[in-house]
Amino acid sequence: MSHELPKAYDPSAIEARWAGYWVAEKLFHVATPDSPKNVFDLLLPPPNVTGRLHMGHMLNQTEMDIIIRWHRMRGENTLWLPGTDHAGIATQMMVERQLATENKKRQDMGREKFVERVWEWKRHYGGAILEQMKRLGASVDWGREYFTMDENLSVAVKEVFVRLYEQGLIYRGKYIVNWCPRCMTAISDLEVVHEETQGKLYEIRYPIVGSKDYITVATTRPETMLGDTAIAVNPKDERYKNLIGRVVRVPLINREVAIIADDWANPEFGTGAVKVTPAHDPNDFAIGQRHNLAQINIMDETAKLNENAGPYAGLDRYAARKKVLEDLEKEHLLGHVKDHMLSIGKCDRCKTVVEPRLSTQWFVKIAPLAKRAIEVVDKGHIKFTPDNYKTIYLNWMNNIYDWCISRQLWWGHRIPAWHCSDCKQDTVAREAPTKCAHCGSAKIEQDTDVLDTWFSSALLPFTTFGWPKQTKDLEVFYPTSLLITGFDILFFWVARMIMMGCWFMGDEDKLEALNGVQREEKLKASVPFREVYIHALVRDADRQKMSKTKGNVIDPIEIIERFGTDAVRFTLASMAAPGTDIAFNEDRTEGYRAFANKIWNAARFIFMNVDKAQQSGAWPAANFDPTATPDAKTLEDKWILSRFHTVTQAVDEALKSYRFDEAANAVYRFFWNEFCDWYIEIVKLRLNAGESEPDKSTTKAALAFTLHIFEGSLRLLSPFMPFITEEIWHAVYDGKPPAKSIALTRYPMPNAKLVNSATEAEMALLQSFIVDVRTIRAEMKVENKLKTPVEALAKDGIRKTLEQNLYAIQKLANAETLTFMEKSLSNAPGAKVSPNYEVRVVYEQKIDVAAERERLTKELKKLEAERDNAQRQLANEQFMAKAPEKVKEGIKRRADELAGLIAKLQSALLELNR
RNA sequence: GGGCGGUUAGCUCAGUUGGUUAGAGCACCUGCCUUACAAGCAGGGGGUCGUAGGUUCGAGUCCUACACUGCCCA
């Protein structure tokens with residue numbers, strides 16, 4: 001990379017090149033270190049193989065990459081482990097859809113062929129999202145990439161299943177589960193999304209056998225009455241007390257069922273009497289268990305009614321509802337029908353209304369796992385940021401139900417259980433058995449179900465490092481340092497990793513046998529990650545959730561192509577305040593593209609001067625090391641050095657607490673508003689001095705200093721904007737960089753010794769003096785090119801600063817001369833007073849008296865209000881008695897200042913009005 | 001129904017343990033092509049911090065209630 005940079009910054013010209021270089025050079029590959037000391041590692045939440053990069057990924061990965069690059073540059077052994085998830089349902093749906101275009105169905109192909117087809121699909125398309133990731137500059141270790149269905153990970157999944165089964169923590173049974181009639185599989189509670197929907201509440205009369213009376217029940221799903229096996233009333237409900245034990249006839253199918261007493265029936269809701277359908281409602285299922293009721297399943301796996309529904313068999317559930325209502329109407333058994341808001345459960349994947357269904361499934365007995373997962377978070381062994389997620393997590397974990405882990409799919413980890421058709425028992429084993437472990441029969445067949453995808457992803461923090469083998473990787477990389485993820489998978493993934501990690505890396509069921517100290521240490525080391533940082537959602541500019549149906553989805557790749565990856569990364573980082581959603585606004589990105597351009601042009605300016613100095617012999621500098629701090633001689637040198645270290649410190653602190661926004665803003669303001677706007681502008685004069693100066697030392701010193709700060713700024717910026725900083729950093733070294741990448745250099749470390757508040761205050765004074773002159777000139781409408789004489793009144797110390805930096809005032813404030821006066825200037829036209837000095841621009845043009853009066857009056861009013869406030873406080877005895885000395889002194893000093901300023905302004909106004 | 005947030009400039013958001021004059025970006029107005037950058041430079045206007053109480057010498061910040069609003073869980 002030479003010093004020749006094109007005039008305007010063009011991200012598309014550099015980003016692809018560096019992204020390719022980082023991957024090809026294996027720059028972010030980490031060999032397994034000898035010890036876990038000084039290791040920082042992070043698991044990429046594996047995207048689905050079917051996935052396409054969206055803004056959520058980009059936010060997630062930008063944050064991870066910033067943290068990872070920062071740690072790497074701090075000299076730690078830094079591993080960011082990438083991989084993809086096989087995503088059971090999603091992938092199977094994708095391939096089924098592909099088959100549909102060929103008029104094929106998976107059922108026609110058979111399981112084996114279908115699975116082979118999915119693998120083929122995965123080989124073709126499964127890497128797309130990782131390719132997109134590469135454009136983001138994600139500095140992952142591609143050499144360690146995994147897929148959740150890899151052989152070694154599958155072995156680990158089996159191992160976990162078998163152990164949990166042996167420990168009695170996995171069981172199989174017939175229960176009510178959430179069933180998706182479209183996916184034709186059971187799904188877990190978490191995969192059901194509840195939606196408020198306007199529905200109806202129907203009252204149905206059930207004739208009481210042996211009487212002319214009816215009992216009226218209320219229901220939102222009348223078709224399920226075909227499976228009713230009881231009517232329940234609350235035992236305390238006086239209205240129904242004498243009916244308990246009576247028998248009613250279920251209309252339409254004429255089944256006789258009993259009226260039972262159960263607390264579940266809520267006297268306040270509907271009629272107070274409820275129908276009980278144990279095979280089609282989880283609460284009714286529980287009632288059924290308590291009262292030993294029959295379970296009549298009236299639907300098949302597609303939610304069509306089956307033979308148990310008599311004349312309704314074959315109808316879809318909604319057609320059946322319509323028909324049932326019509327028939328009830330005919331028999332005059334339908335009572336009031338009213339609107340009713342209800343919460344409907346839908347399949348997270350395909351949005352089909354979920355049907356509670358009685359079926360045989362595998363479950364994880366969750367309580368023992370949850371107990372430990374609660375303990376580690378309670379004790380702070382895992383730290384949440386923002387910390388309110390700790391409450392949310394614990395709340396959920398304390399109210400957790402058993403986890404249904406079996407799925408009636410073909411794509412996924414097949415359950416390692418074999419059913420015996422002779423003794424009906426299950427054999428659960430690591431390797432396929434040849435005979436039943438219970439009766440020895442050879443008539444065994446493997447369970448056809450696969451495991452919930454989240455079951456295998458819950459294990460990743462240890463399985464990716466080689467578990468169940470005791471590998472070196474496992475020893476040094478587990479627990480991982482940090483997890484960065486979105487709140488949407490807090491329960492799906494984060495919570496389950498904690499449960500599984502703490503169990504399997506914490507001696508499983510043997511932990512409690514350890515003594516107190518040992519147990520505590522083991523527990524502490526069992527966590528899958530020490531910290532969790534949870535980020536919010538990326539929304540559109542109007543704060544709307546992005547969705548395909550709304551058509552407001554922002555495609556990161558498209559936005560990257562328009563503004564460059566660095567600008568988009570910086571946008572996300574600068575808006576990533578913990579706990580709040582990000583309303584992604586393109587205007588911001590445009591602004592950060594401008595920032596990148598600013599960096600680019602600063603580089604061009606500096607390189608131009610380096611080249612010029614080389615030609616004039618002022619800059620031999622063959623072995624110049626910009627990372628070595630040169631001596632600061634001038635105010636601006638000392639100041640920018642102090643600011644650099646202040647900002648470095650601020651960035652360090654911000655990143656430690658995941659304040660990506662603060663870190664990004666601090667470095668942005670430093671580079672643009674301080675380094676470019678002030679330092680470079682002032683130093684320009686010194687850079688040009690070489691021509692007239694025999695030994696050219698001024699130019700050399702200025703250049704050395706400028707390069708030092710600039711190079712440091714590039715390193716400071718590089719985790720946020722890896723591409724442009726890489727490009728320019730190589731150019732700084734004129735193609736002979738000391739490392740293969742800026743990412744492999746050290747991050748700037750704050751040096752408190754170089755921070756000097758006196759210098760910063762002195763510079764602030766100089767800046768305010770220059771700004772005042774500019775303001776007066778603007779107000780007096782002095783033409784830009786015209787240099788004007790400036791007069792000032794100031795005390796010795798301040799006068800000295802102004803005198804010593806005369807060249808800056810002349811250049812930056814367009815001052816022709818600076819003359820120090822002995823008398824107050826406040827009554828003269830074009831003057832401005834401040835606590836530290838008075839300044840006046842000498843300009844002969846007629847002043848706009850009205851405008852000037854308005855300005856002075858406004859200023860005066862503001863100061864008077866402030867003075868009144870200060871005086872009120874100083875007159876307040878309570879305040880004087882209780883406020884800290886520091887605050888009181890501050891107000892007193894300010895009151896004095898104000899008095900002086902007000903007097904001067906009043907006098908100036910008088911003068912103006914004369 | 002249970003839980004967790006949010007409400008600060010036209011917009012999007014900062015504001016650390018309560019302390020002197022509440023900040024940024026974008027947008028807006030004015031003037032500048034000052035040879036690094038018009039994707040730029042300089043200057044400027046704009047906020048009674050959701051409402052009502054309370055604690056305090058002092059509240060954007062702490063407490064209570066209310067209003068509006070977002071999300072999670074059932």
Side-chain angles (χ1 to χ4, degrees), chain A residues 5 7-9 189-190 192-194 282 343 345 386 388-396 399-401 487-488 490-491 536-537 539 541-543 545 563 567 571 574-577 579-609 653-654 657 659 661-662 665-666 668-669 672-673 676-677 680-681 684 770-771 774-779 781-785 811-814 855 858 862-863 865-866 869-870 872-874 876-884 886-895 897-898:
Chain A
L5 301 179
K7 182 170 176 189
Y9 162 66
D189 294 341
L190 276 178
V192 178
V193 287
H194 295 268
S343 165
N388 63 308
Y389 282 104
K390 177 179 172 176
T391 318
I392 295 172
Y393 167 91
L394 288 174
N395 208 342
W396 184 78
N399 294 291
I400 196 167
Y401 292 94
F487 68 89
D488 50 329
L490 178 62
F491 306 135
L537 218 61
R539 297 167 172 275
D542 301 319
R543 302 201 63 75
K545 221 173 187 167
F563 299 105
T571 307
S574 70
M575 299 187 80
T580 46
D581 284 346
I582 292 178
F584 189 88
N585 193 334
E586 233 177 81
D587 294 344
R588 285 283 284 263
T589 313
E590 211 176 318
Y592 292 124
R593 181 186 56 180
F595 179 50
N597 190 49
K598 188 79 186 175
I599 302 167
W600 189 263
N601 278 293
R604 288 179 59 232
F605 174 77
I606 293 167
F607 295 159
M608 184 185 86
N609 282 287
E653 278 165 19
S657 49
R659 292 303 306 256
D661 58 331
E662 284 184 357
N665 290 332
Y668 174 95
R669 279 198 291 269
W672 198 322
N673 303 133
C676 288
D677 289 351
I680 289 187
E681 288 306 324
K684 269 179 181 172
I770 289 168
V771 168
R774 284 170 174 172
T775 307
I776 299 168
R777 283 174 53 99
E779 275 164 1
K781 305 209 190 303
V782 179
E783 302 117 78
N784 275 49
K785 281 179 186 156
K811 165 106 180 37
L812 271 55
N814 255 334
R855 181 181 72 84
K858 201 172 159 190
K862 206 174 111 191
L863 294 181
E866 203 192 327
N869 195 37
R872 198 174 317 120
Q873 292 212 64
L874 292 172
N876 185 329
E877 280 173 36
Q878 303 259 41
F879 172 78
M880 295 308 283
K882 290 181 182 173
K886 216 175 116 189
V887 174
K888 282 191 286 187
E889 264 173 42
I891 292 182
K892 260 184 233 163
R893 197 181 326 118
R894 182 66 184 159
E897 273 176 19
L898 287 166

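Because only heavy atoms are used, hydrogens play no part in the values below, and waters and symmetry mates are left out as well, while side chains stay in. Residue numbers start from 1 in every chain, and the chains themselves are labelled A, B, ... in the order their sequence lines are given, proteins ahead of strands.
- B/A59: no Watson-Crick or G-U partner with both key distances under 3.5 Å is found in any strand.
- The side chain of A/Ala594 approaches B/G40 more closely than any other nucleotide in the set B/C4, B/G19, B/G40.
- Comparing the P positions of B/U30 and B/A67 gives a spacing of 45 Å, expressed to the nearest Å.
- Between A/Trp600 and the phosphate of B/G40, there is no side-chain N or O to OP1/OP2 separation shorter than 4.0 Å.
- Picking from B/C37, B/C73, B/A24 the nucleotide with the shortest atom distance to the side chain of A/Arg669 gives B/A24.
- Checking B/A67 for Watson-Crick or G-U wobble geometry (two distances, each under 3.5 Å) identifies B/U7 as its partner.
- Contact check on A/Glu653 versus A/Arg659 returns no salt bridge, with no Lys/Arg side-chain nitrogen under 4.0 Å from an Asp/Glu carboxylate oxygen.
- Note on A/Ile891: a base of the nucleic acid sits closer than 4.0 angstrom, heavy atoms only.
- With a cut-off of 3.5 Å on both pairing distances, B/G18 has no Watson-Crick or G-U wobble partner at all.
- Taking the side chain of A/Asp677 as heavy atoms from C-beta on, and the options B/G43, B/C41, B/G40, the nearest nucleotide is B/C41.
- Using a 4.0 Å cut-off, no side-chain N or O of A/Arg593 falls inside it from OP1 or OP2 of B/A39.
- The separation of B/G25 from B/G44, taken at their P atoms, amounts to 13 Å, rounded to a whole angstrom.
- Note: A/Phe487 and A/Tyr389 have parallel aromatic rings, judged against thresholds of 30 and 60 degrees for the angle between ring planes.
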How far apart are the C-alpha atoms of A/Tyr9 and A/Lys598, what are their side-chain angles, what is the distance that settles it, and do they pass the side chain to side chain contact (heavy atoms under 4.5 Å, CB included) test?
CA-CA 9 Å; A/Tyr9 162 66; A/Lys598 188 79 186 175; over 6 Å; no
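- Contacts of A/Arg659 with the nucleic acid, taken as non-hydrogen atoms under 4.0 Å apart, involve only primed sugar atoms and P, OP1 or OP2.
- Electrostatic pairing of A/Glu897 and A/Arg894 counts as a salt bridge here, judged by a charged N lying under 4.0 Å from a carboxylate O.
- Residue-level contact check: A/Gly890 touches the bases, meaning some heavy atom is under 4.0 Å from a base atom.
- Applying the 4.0 Å criterion to OP1 and OP2 of B/A36, one finds that A/Lys684 has a side-chain N or O inside that range.
- Here B/C28 sits opposite B/G44 as a Watson-Crick or G-U wobble pair (both hydrogen-bonding atom distances under 3.5 Å).
- At a cut-off of 3.5 angstrom, counting only N and O atoms as typed in the model, there is no donor on one side facing an acceptor on the other between the side-chain of A/Glu681 and the base of B/A42.
- Checked against a 6.0 Å centroid threshold, the rings of A/Tyr592 and A/Phe563 do not count as neighbours.
- Between B/A39 and A/Asn601, no contact under 4.0 Å exists linking OP1 or OP2 to a side-chain N or O.
- Each of B/G19, B/C4, B/A36 was ranked by its minimum atom distance to the side chain of A/Cys676; first place goes to B/A36.
- If you take CZ of A/Phe605 and C1' of B/U34, they are 13 Å apart, rounded to a whole angstrom.
- Using a 4.0 Å heavy-atom distance criterion, A/Asn876 is classed as a sugar-phosphate-only contact.
- Counting non-hydrogen atoms under 4.0 angstrom, A/Phe491 reaches the backbone sugars and phosphates but no base.
- The A/Ile680 side chain lies nearest to B/A36 when the options are B/A36, B/A39, B/G25.
- Taking every side-chain heavy atom of A/Pro884 into account, B/G19 is the closest of B/G25, B/G19, B/A42.
- A side-chain N or O of A/Arg604 and one of A/Asn601 form a donor-acceptor pair less than 3.5 Å apart.
- Using a 4.0 Å heavy-atom cutoff across all strands shown, A/Asn399 reaches no nucleic acid atom at all.
- When each of B/A39, B/G43, B/U21 is scored by its nearest atom to the side-chain atoms of A/Arg894, the top-ranked nucleotide is B/U21.
- Side-chain atoms of A/Arg893 and base atoms of B/U20 include no donor and acceptor less than 3.5 Å apart.
- Rounded to a whole Å, the CZ atom of A/Phe487 is 14 Å from the P atom of B/G5.
- A distance-only check finds a donor-acceptor pair linking the side chain of A/Asn665 to the backbone of A/Asp661 [under 3.5 Å].
- Listed nucleotides B/A36, B/G19, B/A14 differ in distance to A/Lys598; the shortest reach to its side chain belongs to B/A36.
- Nearest nucleotide to the A/Ala778 side chain, out of B/G43, B/G40, B/G31: B/G43.
- Backbone-only engagement by A/Met575 is indicated by non-hydrogen atom pairs under 4.0 Å involving sugar-phosphate atoms exclusively.
- Checking B/U34, B/A74, B/C4 against every side-chain atom of A/Thr391, the shortest atom distance belongs to B/C4.
- Of the nucleotides present, none pairs with B/A36 by Watson-Crick or G-U wobble criteria with both distances under 3.5 Å.
- The phosphate of B/G19 has neither OP1 nor OP2 within less than 4.0 Å of any side-chain N or O from A/Lys888.
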